[in-house]
Amino acid sequence: MTITGPDTTLHYAANGSLVNGVYAPAVDGFNLADVSSAAELNELPAGVKGLVYLGMTDGVTAAFKAVVDACKGNPNLYGFYLVDEPNGDPTIAANLKAEAAYIHANLPGAITYMTEQNLSADTSPTFYYTPANTGIDLFGLDPYPVNTNVPNSLDYSIIPTAVAAAEKAGIPLSAIVPVYQAFGGGGYPTYILPTAAQAQQILATWASVVPNPAFDYAYSWGVQLNDTALSNDPSLAAVFAAHNASSGTTSTTTTTTTTTPTAPSTPTAPSTPTTVTAAPTVKITSVGATTTQASQTITGTVDLADAGSTVNVLDGTTKIGSATVAADGTWSAKVTLANQGANVLTATDTNSGGTGVSNAVTFSLTTTTSATTTPTTPTTPTTPPASSSAIAPTVTIADTSLDVTGRGGKVDLGVSVTAPDSASDVTVTIKGLPRYESITDGLGDRFHGSSITLTKAQVDSGLTLTSFYRGTGHPVATLTITASDTVGGVASSSASQSIVVTDPPPATSGTTSSATTGKVALLNQYIASGFTSDTPAAAMQFDAAARFGGNDSFLARPHH
């Protein structure tokens with residue numbers, strides 16, 4: 001399959017990138033991953049970079065710095081996806097400018113990116129955010145040509161129109177990222193899934209106006225709202241796989257003119273070619289933790305070209321283990337943590353190109369085995385009191401049903417834990433947290449993952465749940481909370497309790513007609529994701545209604 005499209009070496013697809021720790025879009029040649037944390041950056045395979053989605057527009061807050069700072073020095077980092085389709089607002093622009101400046105100052109070389117929202121119709125687009133008012137490097141444009149708002153539900157011309165409008169607003173061509181339509185149907189009734197032929201024309205149209213972008217963006221790899229996307233449409237995926245495989249390899253055609261050859265001169269002996277070898281790319285895939293076990297198995301990867309080489313695992317500057325790289329590039333080393341407290345581990349591998357150094361992973365050792373001493377004669381043991389058994393802590397849930405607005409909305413999780421005086425190692429485990437939500441404690445620590453374990457101190461400091469959901473539906477997640485304690489080797493756990501979290505909250509139903517109810521729901525949904533909190537609700541609704549009229553499809557456009 002021959003595909004004509006913009007020529008770039010980096011290809012990004014949003015949503016559902018990591019499935020059980022495996023980067024799924026790689027099967028179709030996508031090599032710029034949609035991730036949301038340093039931990040997910042560490043899961044990416046060799047040759048794949050990560051664009052870390054932030055979705056924060058409050059400026060350089062403690063939460064913002066926690067996510068960004070955790071990515072410092074990560075070899076898999078490409079940059080940060082600051083925000084997706086915000087409504088035009090000077091306050092948001094100023095906050096984004098502060099965020100971009102912080103990233104550029106503290107993570108030199110990291111790219112900043114945002115997707116623009118078209119503030120008008122598809123055929124007459126307007127854009128608010130520019131490099132001048134945000135300091136952001138790259139801007140995505142997403143005119144989706146297969147939709148019911150354009151004549152015959154198909155209009156490729158809205159792509160060059162959007163590019164011209166962006167350049168007029170002050171976004172240079174070199175800063176524009178094409179966003180290709182690769183979804184339709186389901187909860188997006190105004191957007192129609194492109195056919196394979198239409199997808200090829202979308203790529204060709206983009207190539208005519210943005211031939212060499214920094215990267216390109218297919219929306220979407222994963223399903224968002226019962227729609228059809230690349231991950232569940234093989235014919236559409238094949239188009240993008242062919243494009244991704246062929247781009248970044250532009251060749252030059254040379255015209256040769258035949259002339260009468262002259263007698264060759266005596267050739268000189270060719271010089272011996274120099275083979276340039278790059279230092280190995282080394283990565284630790286094990287996740288750091290707090291542990292009572294000094295003996296640990298550390299795993300990681302090295303370039304396939306360096307299979308058979310030796311990886312050394314270091315604690316600081318001290319070698320504590322080594323391993324031979326397998327044929328598939330993986331390695332595993334058994335080590336013994338030497339220090340009480342933090343043990344910062346790195347891995348190195350050396351070839352003719354130099355020494356590669358991995359990312360750093362910290363294991364905190366809380367107990368160690370004491371040195372062997374000559375035992376004294378034991379005294380006659382007494383029967384331990386019944387109270388030496390562990391008594392389960394108690395979890396209290398303030399509200400078992402919570403609503404939180406996507407794109408940075410926050411809500412107090414309302415979880416507390418009490419434990420008897422004999423408790424020694426109380427932990428609280430929260431399971432079921434979706435990847436578009438995170439939990440932050442009052443100590444400034446932020447947690448992601450389907451199963452997280454917190455100390456009693458972290459829970460007591462107060463837990464806040466933040467939603468970065470980018471869809472337009474109302475996903476529901478059930479969090480299961482359990483508290484545990486261990487005393488004298490005896491473990492005891494509380495009964496599990498649940499919190500049902502909906503984000504964003506469903507629109508309130510009324511007694512109006514179904515058509516009116518649908519319009520109000522769309523308007524409320526658009527206001528919830530697009531307007532700032534300092535504008536009165538009534539004014540927002542009036543202004544939006546007066547501005548957009550009956551344009552239901554605009555209000556329903558997908559916010560990634």
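Here the structure is a predicted model, which is why all the values come from computation and not from measurement. Index from 1, following the sequence.
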What's the shortest heavy-atom distance between N31 and L10, and which atoms? OD1-CA, 3.4 Å
Quick check: does any side chain N or O of D315 sit under 3.5 Å from a backbone N or O of T318, one acting as donor and the other as acceptor? no
Under 3.5 Å: donor-acceptor pair, side chain of D233, backbone of A229: no
Contact between F215 and T9 at the side-chain level, heavy atoms closer than 4.5 Å - yes or no? no
Would you mind reporting whether I439 and L413 have side-chain heavy atoms less than 4.5 Å apart? yes
Heavy-atom donor-acceptor pair, D485 side chain to D425 backbone, under 3.5 Å: yes
Listed by chain and number, what are the ring-ring contact (aromatic ring centres under 6.0 Å, His included) partners of Y12, not counting sequence neighbours? Y217
How long is the gap from CD on E116 to OG1 on T130, to the nearest 0.5 Å? 8.0 Å
Just by modelled atom types, is the N343 backbone N or O under 3.5 Å from a matching donor or acceptor in the N339 side chain? no
On a heavy-atom basis, which atom in L32 and which in L51 lie closest, and how many Å separate them? CD1-N, 4.2 Å
Quick one: closest heavy-atom pair of P213 and P6, and the distance? CD-CB, 3.7 Å
Enter the distance from S220:OG to D227:CG here, rounded to the nearest 0.5 Å. 7.0 Å
Does one side chain, of N244 or H11, offer a donor that lies under 3.5 Å from an acceptor on the other? yes
Among side-chain atoms of T57 and N95, is any donor-acceptor pair under 3.5 angstrom? no
Check V52 against S36 and note the closest heavy-atom contact, atom names and distance. CG1-C, 3.8 Å
Just by modelled atom types, is the A100 backbone N or O under 3.5 Å from a matching donor or acceptor in the H104 side chain? yes
Any non-hydrogen side-chain atom of I159 less than 4.5 Å from a side-chain atom of Y180? no
Describe, in one word, how the ring planes of Y219 and Y144 are oriented to each other, choosing from parallel (under 30°), tilted (30 to 60°) and perpendicular (over 60°). parallel
Any I481 side-chain heavy atom under 4.5 Å of I499 side chain: yes
Can you check whether V357 reaches V282 side chain to side chain, under 4.5 Å on heavy atoms? no
Would you check if the side chain of S231 reaches a backbone N or O of W221 as a donor-acceptor pair within less than 3.5 Å? yes
Results of salt bridge (charged side-chain N to carboxylate O under 4.0 Å, His left out) for K456 - residues two or more places apart only: D460
If you round to the nearest 0.5 Å, how far is OG1 of T134 from CG of D137? 8.5 Å
Does a donor on one side chain and an acceptor on the other come within less than 3.5 Å for T115 and Y81? yes
Looking at side-chain heavy atoms only, is the closest gap between E43 and T285 below 4.5 Å? no
Between Y102 and D69, is there a side-chain donor-acceptor contact under 3.5 Å, judged purely by atom types and distance? yes
Full working for side chain to side chain contact (heavy atoms under 4.5 Å, CB included) between L54 and V68: CA-CA 9 Å; L54 298 175; V68 172; 4.1 Å; yes
Under 3.5 Å donor-acceptor, T366 side chain and T291 backbone: yes
Between T112 and I136 (side chain of the first, backbone of the second, donor and acceptor by atom type, cut-off under 3.5 Å), is there such a pair? no
Note, D58 side chain near F64 side chain (heavy atom, < 4.5 Å): no
To check you understand the geometry: which heavy-atom pair defines the closest contact between I430 and L479, and what is its length? CG2-CB, 4.3 Å
If you measure only the distance, is there a donor-acceptor pair under 3.5 Å linking the side chains of S286 and T299? yes
Once rounded to the nearest 0.5 Å, what's the spacing between atom CG of L314 and atom CD1 of I320? 8.0 Å
Donor-acceptor contacts, no H, no angles, side chain residues 70-80, under 3.5 Å, sequence neighbours left out:
residue : atom : partner : partner atom : Å
N74     : OD1  : N76     : N            : 2.9
N74     : ND2  : N42     : OD1          : 3.0
N76     : ND2  : L41     : O            : 2.8

If I take atom CE from residue M56 and atom CG from residue L96, how far apart are they, to the nearest 0.5 angstrom? 12.5 Å
State whether the side chain of E85 and the backbone N or O of Q117 hold a donor-acceptor pair below 3.5 Å, judged by distance alone. no
Carefully, step by step, assess V459 and V426 under the rule side chain to side chain contact (heavy atoms under 4.5 Å, CB included). CA-CA 10 Å; V459 175; V426 177; over 6 Å; no
Nearest 0.5 Å, please: how far is CG in L454 from CG in L463? 6.0 Å
Is it true that F30 and Y23 have ring centroids separated by less than 6.0 Å? no
Nearest atoms (heavy-atom pairs only) where I171 meets A175: CG2-CB, 4.1 Å
Please check: side-chain N/O of K410 versus main-chain N/O of V404, any donor-acceptor pairing under 3.5 Å? no
Tell me, with the steps shown, if F183 and V223 meet side chain to side chain contact (heavy atoms under 4.5 Å, CB included). CA-CA 8 Å; F183 78 102; V223 172; over 6 Å; no
Quick one about D34 and S17 (side-chain donor to acceptor, distance below 3.5 Å, no hydrogens or angles considered), yes or no? no
Verdict with supporting geometry, L119 and Y128, side chain to side chain contact (heavy atoms under 4.5 Å, CB included): CA-CA 8 Å; L119 300 176; Y128 177 77; 3.9 Å; yes
Taking the side chain as everything from C-beta on, heavy atoms only, tell me whether P280 gets closer than 4.5 Å to S309. no
